[in-house]
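Below is one structure; the comments refer to it alone.
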Amino acid sequence: MGSHNGQVQELPPPLITPVNTCDEPLPVEETKRLGCPGCQLDEVNKASTSVPYRNFCFIWIICLTATLPIQSLFPYLYFMIRDLKVAKEEQDIGFYAGFVGATYFLGRTISAVPWGMFADKYGRKPCIVISILSVIIFNTLFGLSTTYWMAIVTRGLLGLLCGILGPIKAYASEVSRKEHQALGISFVTSSRAIALVIGPSIGGFLSQPAQKYPKIISEESIFGRFPYFLPCFVISVLAVGSCIACIWLPETLHFHDDDKVEAIEELESQVGGSKSTENLLKNWQLMSAIIIFSIFSLHDTAYLEIFSLWAVSSRKFQGLSFTSQDVGTVFAFSGLSVLVYQLTIYPFISKFGPIKTFRPAAILSILLLTTYPFMSNLHGLELKILINMASILKNVFAATITIACNILQNTAVTQKQRGTANGISVTVMSTFKAVAPAAAGIIFSWAQKHLSGLFLPGNQILFLTLNMVSIIGLVLTFKPFLSLPTPMRH
């Protein structure tokens with residue numbers, strides 16, 4: 001308790017300035033927390049054991065908004081590139097589409113580490129607000145693109161300035177008590193699962209609205225003159241709501257008035273920070289898991305790009321002649337099925353361990369992809385039923401692999417190292433994802449120009465290339481490449 005001179009002994013410094021009955025200055029320990037939002041939040045969390053559902057819901061909305069521009073693009077990307085008239089031949093559309101998809105991930109790769117440093121210095125909240133503002137501005141401008149290069153630049157700037165991926169994970173774990181941190185992270189992951197359902201639906205049903213809903217939207221309206229503006233506009237409106245929600249988000253980063261105290265605390269909490277990172281890079285158990293995860297991330301991103309282009313391409317190029325609405329429906333059903341699978345079925349099969357679920361999922365995914373080229377021979381209801389079933393299974397297998405990779409990464413390090421380890425994983429994964437759309441677009445364009453004359457038709461070579469990536473990833477799950485902790489070897 002307080003002594004006669006107002007000093008506090010053996011208790012954390014209070015948030016409110018204590019009454020000092022003497023003329024002695026207050027100690028640093030008492031003044032350093034005044035005005036610090038992180039300390040205030042810590043005190044609130046200590047005083048209350050309840051789950052901060054309001055903050056978690058705001059996190060969920062913000063993360064959903066930041067993810068929607070990625071998931072909504074694929075259903076209409078082919079038609080957008082066609083209407084921008086940059087491709088001289090129809091077979092070249094995939095080539096140009098790949099670079100539009102890649103620029104976002106390239107921007108994110110470049111800015112991931114600087115945004116993390118910004119969030120550590122100036123706070124999580126400013127980083128989140130700037131990221132949401134970038135969605136409002138550049139996602140809107142992307143929908144208003146009148147040239148190919150305008151689409152490329154706005155998409156790249158969106159990826160460069162939307163640095164929410166790493167900081168939102170840190171924020172979700174910091175905004176609550178330790179026992180609620182897992183729930184906070186689950187809100188982040190579930191928002192991305194929901195984005196897999198909502199995003200393709202927005203892109204598929206709201207693009208080209210004057211053609212799909214002529215009685216409601218005329219060709220002379222802004223949505224008629226800019227046929228891909230409506231889905232971007234809807235997402236930007238949601239982003240405005242998310243930006244308003246940021247007003248009630250508390251800051252979690254600690255700002256202390258005494259620079260020396262802050263420097264000492266930082267030194268104590270991050271002893272040998274660069275040395276710790278260097279040690280993680282030498283942790284082969286972690287790095288092998290990250291490499292495998294990045295290979296399958298490349299595969300999944302390339303699959304999304306190739307499937308969306310192949311599904312809407314003409315029958316004369318052995319495509320399915322789907323509309324953007326059809327593609328959006330397929331993706332939405334797949335996303336919903338993955339969400340149901342993660343909540344109901346996966347908890348039962350997870351007891352077999354990550355490797356015993358990973359390898360069968362990878363093998364079944366490879367076998368499933370070999371059937372895709374032959375679906376172009378189907379028509380009508382039969383085609384739509386089979387393609388939806390195949391897409392659902394493919395995404396379920398991908399979800400199983402992703403969860404297994406995350407488990408392998410987290411079990412390779414101690415709890416205190418997981419933040420840095422996940423940061424390394426995001427950087428490597430984003431690099432692979434930046435390559436995937438461009439490479440997929442180039443291979444897709446090449447396949448449409450070589451439908452015959454080779455040892456296999458072009459569309460079969462296209463999916464064979466995808467399968468080769470999976471095969472490489474599958475092979476790397478065996479010794480001597482992948483190092484497993486002792487409990488997982490049995």
Side-chain angles (χ1 to χ4, degrees), residues 66-84 86-87 90-112 134-135 138-139 141-143 145 147-162 165 192 195-196 199-200 202-204 207 228 231-232 235 294-313 319 322 324 327-328 330-331 334-335 391 394-395 398 429-448 462-463 465-466 469:
T67 309
L68 285 177
I70 305 173
Q71 302 300 335
S72 64
L73 175 67
F74 293 108
Y76 64 80
L77 179 58
Y78 182 93
F79 301 103
M80 186 180 191
I81 300 301
R82 182 197 64 188
D83 293 346
L84 290 176
V86 66
E90 191 175 347
Q91 301 97 310
D92 293 328
I93 291 176
F95 175 85
Y96 292 99
F99 288 100
V100 174
T103 49
Y104 176 88
F105 293 107
L106 179 62
R108 195 172 75 177
T109 302
I110 294 170
S111 66
S134 72
V135 172
F138 294 108
N139 187 61
L141 291 175
F142 177 75
S145 296
T147 65
Y148 177 72
W149 288 108
M150 181 178 177
I152 285 282
V153 171
T154 53
R155 195 75 182 171
L157 288 173
L158 176 59
L160 195 68
L161 296 176
C162 188
L165 185 63
R192 290 171 184 168
L196 286 172
I202 292 174
S207 60
Y228 308 100
C232 297
I235 293 171
S294 298
I295 289 172
F296 278 96
S297 294
L298 183 150
H299 168 87
D300 291 342
T301 307
Y303 167 79
L304 288 174
E305 180 86 13
I306 287 174
F307 179 85
S308 60
L309 296 173
W310 169 70
V312 300
S313 61
F322 274 15
S324 60
V327 176
V330 171
F331 281 144
S334 300
S391 181
K394 177 69 182 70
N395 282 279
M429 179 193 68
S430 295
T431 304
F432 277 67
K433 280 191 170 185
V435 173
I442 292 170
I443 296 171
F444 177 81
S445 180
W446 177 88
Q448 289 203 325
L462 178 66
F463 287 99
T465 305
L466 269 180
V469 177

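What you see below is based on every heavy atom in this structure, not just the backbone, and it leaves out hydrogens, waters and symmetry mates. Source: prediction; values computed, not measured.
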Does [X] use its side chain to pair, donor to acceptor, with the backbone of [Y] at less than 3.5 Å?
| X | Y | answer |
| --- | --- | --- |
| Thr109 | Phe105 | yes |
| Ser313 | Trp310 | yes |
| Ser145 | Phe142 | yes |
| Ser391 | Ser334 | no |
| Ser297 | Met429 | no |
| Tyr78 | Ala97 | no |

Show the nearest heavy-atom pair for residues [X] and [Y], with the distance to one decimal.
| X | Y | value |
| --- | --- | --- |
| Ser207 | Gly204 | OG-O, 3.8 Å |
| Glu90 | Gln448 | O-OE1, 4.0 Å |
| Pro75 | Val312 | O-CG1, 4.5 Å |
| Ala434 | Ala102 | O-CB, 3.2 Å |
| Phe138 | Thr154 | CB-O, 3.7 Å |
| Ser134 | Leu158 | O-CD1, 3.6 Å |

From CA spacing to verdict: side-chain contact (heavy atoms from CB on, under 4.5 Å), Ile442, Phe99
CA-CA 9 Å; Ile442 292 170; Phe99 288 100; 4.1 Å; yes
Test side-chain contact (heavy atoms from CB on, under 4.5 Å) on Glu305 and Leu77 and set out the steps.
CA-CA 9 Å; Glu305 180 86 13; Leu77 179 58; 3.7 Å; yes
Would you please indicate if the ring centroids of Phe95 and Phe444 are separated by under 6.0 Å?
no
Spacing of [atom1] belonging to [X] relative to [atom2] belonging to [Y], to within rounding of 0.5 Å:
| X | Y | atom1 | atom2 | answer |
| --- | --- | --- | --- | --- |
| Leu106 | Leu160 | CG | CG | 9.0 Å |
| Leu466 | Ile306 | CG | CD1 | 4.0 Å |
| Asn139 | Cys162 | CG | SG | 9.5 Å |
| Thr103 | Arg155 | OG1 | CZ | 7.0 Å |
| Leu304 | Leu196 | CG | CG | 8.0 Å |
| Asp300 | Asn395 | CG | CG | 8.0 Å |

Does any part of the side chain of [Y], heavy atoms only, come nearer than 4.5 Å to the side chain of [X], both counted from C-beta?
| X | Y | value |
| --- | --- | --- |
| Phe307 | Phe74 | no |
| Leu84 | Thr147 | no |
| Val469 | Phe296 | no |
| Ile93 | Ser445 | no |

In terms of ring plane angle, is the pair Tyr228 and Tyr76 parallel, tilted or perpendicular, where the classes change at 30° and 60°?
parallel
Classify the ring geometry between His299 and Tyr303 as parallel (under 30°), tilted (30 to 60°) or perpendicular (over 60°).
parallel
Determine, stepwise, if the pair Ile235 / Ser72 fulfils side-chain contact (heavy atoms from CB on, under 4.5 Å).
CA-CA 9 Å; Ile235 293 171; Ser72 64; 3.3 Å; yes
How far apart are the C-alpha atoms of Met80 and Tyr96, what are their side-chain angles, what is the distance that settles it, and do they pass the side-chain contact (heavy atoms from CB on, under 4.5 Å) test?
CA-CA 10 Å; Met80 186 180 191; Tyr96 292 99; over 6 Å; no
